[in-house]
Amino acid sequence: MLRTPGREKVLRYALMLLVLALTVGPFLWQLSTSLKDTTEDIYTSPPRFLPQHPTVHNYAEVADTIPVWDYALNSLKVATAAVLTNLVGAAMAGYALARLRFRGRRAAGLAFVLALLVPVESIVIAQLTLVRDLHLNDTLVAVVLPGSVSALNVLLMRNAFAALPYEIEEAAVIDGANAWQRFTRIALPSVRGTLAVVAIFAFMGAWDDFLWPLIVLSDQHRFTLTVGLNYLHGTFTQNPRLVAAGTVIAVAPLVVMFACLQRYFFRGVGEGAVKG
């Protein structure tokens with residue numbers, strides 16, 4: 001068994017720490033800023049990471065300034081709906097592309113690949129026109145609709161189902177199982193890791209989306225959290241503590257969701273083996 005030289009191991013850990021600092025560092029700095037009192041200077045040189053007198057007053061002030069919890073509830077509704085529609089739609093479409101034989105299957109798969117190449121900004125006008133024609137403008141349904149089934153999630157599910165051994169399904173066919181039974185009883189339980197990946201991607205995409213909700217929503221009572229926090233930026237540009245508190249409120253649900261699903265997430269899109 002080959003051992004990694006000590007110098008190479010130190011270099012690897014140093015690179016890992018650097019990547020960790022670049023990715024997690026900004027969030028920790030925002031968290032620190034959100035806990036600093038108004039009497040504490042946040043522009044000291046050198047910067048002071050730990051607050052001298054930690055306080056949660058900034059979070060209470062954010063809630064007093066804008067209805068942040070109502071906005072968070074709207075975002076939760078949108079994100080939950082996006083997760084459900086993506087899990088159902090992407091799983092069914094992915095299974096059809098991977099396991100069923102029908103005319104135009106390759107063209108359908110190519111269409112999903114090409115959909116990834118289309119910038120969202122280039123089709124936003126068409127989406128807005130469609131929403132207005134359906135009389136769904138200024139509703140949370142309109143926010144969910146464009147991302148209800150993501151092309152990326154369909155391809156992830158297609159790859160996961162394609163990796164499953166055909167022998168299992170052939171045995172189910174001999175036992176008289178139809179396509180729906182093979183899908184629900186054999187295929188789906190075998191790709192739980194990929195389902196977790198799809199759920200995380202769908203939740204993050206819906207929760208973090210700013211442009212589309214900003215375009216389609218005009219009633220402040222229906223604003224999502226990202227749109228609502230934009231008012232916080234514009235009103236309190238001289239108080240970054242409130243902006244930092246709002247940022248932490250927006251990011252916290254993503255951290256919690258990933259912590260709950262990480263054991264499935266790291267099983268990844270290469271999943272497909274069936275345990276006998």
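Just the heavy atoms: all of them, side chains too, but no hydrogens, waters or symmetry mates, feed the values below. All values derive from a computational prediction rather than experimental measurement.
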Peer 1: Within the supplied structure, the quantity of interest is the number of heavy atoms (other residues, nucleotides, ligands) at a distance under 6.0 Å from Tyr13 OH; does it exceed 12?
Peer 2: no

Peer 1: Where do Asn58 and Ser34 land on the side chain to side chain donor-acceptor pair (under 3.5 Å) test, with the steps shown first?
Peer 2: CA-CA 6 Å; Asn58 295 320; Ser34 69; over 6 Å; no

Peer 1: Please check if the side chain of Arg99 supplies one atom and the backbone of Phe161 the other of a donor-acceptor pair under 3.5 Å.
Peer 2: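 Yes: the side chain of Arg99 pairs with the backbone of Phe161.
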
Peer 1: Establish, from distance only, whether the side-chain atoms of Asp37 and Thr55 form a donor-acceptor pair under 3.5 Å.
Peer 2: no

Peer 1: Should the heavy atoms of other residues, nucleotides or ligands under 6.0 Å from CZ of Arg105 be counted, would the total exceed 12?
Peer 2: yes

Peer 1: Taking atom CH2 as the centre, does Trp29 end up with more than 12 heavy-atom neighbours from other residues, nucleotides or ligands that are less than 6.0 angstrom away?
Peer 2: yes

Peer 1: Would you kindly confirm whether Leu145 and Val120 end up in one hydrophobic cluster when ILVMFWY residues are joined by side chain heavy atoms under 4.5 Å apart?
Peer 2: no

Peer 1: Distance-only, no hydrogens or angles: does the Asp138 side chain make a donor-acceptor pair with backbone N or O of Leu217 under 3.5 Å?
Peer 2: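 No; judged by distance alone, with no hydrogens or angles, the pair does not exist.
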
Peer 1: Minimum heavy-atom separation for Ala250 and Leu225, please, with both atom names.
Peer 2: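 Smallest heavy-atom distance, with atoms named: CA-CD2, 3.5 Å.
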
Peer 1: Minimum heavy-atom separation for Phe112 and Ala151, please, with both atom names.
Peer 2: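 The answer is O-CB, 3.6 Å.
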
Peer 1: Taking the side chain from Asn153 and the backbone from Leu87, do they hold a donor-acceptor pair closer than 3.5 Å?
Peer 2: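 No; zero donor-acceptor contacts below 3.5 Å.
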
Peer 1: How far apart are the C-alpha atoms of Leu128 and Asn137, what are their side-chain angles, what is the distance that settles it, and do they pass the side chain to side chain contact (heavy atoms under 4.5 Å, CB included) test?
Peer 2: CA-CA 8 Å; Leu128 182 60; Asn137 197 36; 4.0 Å; yes

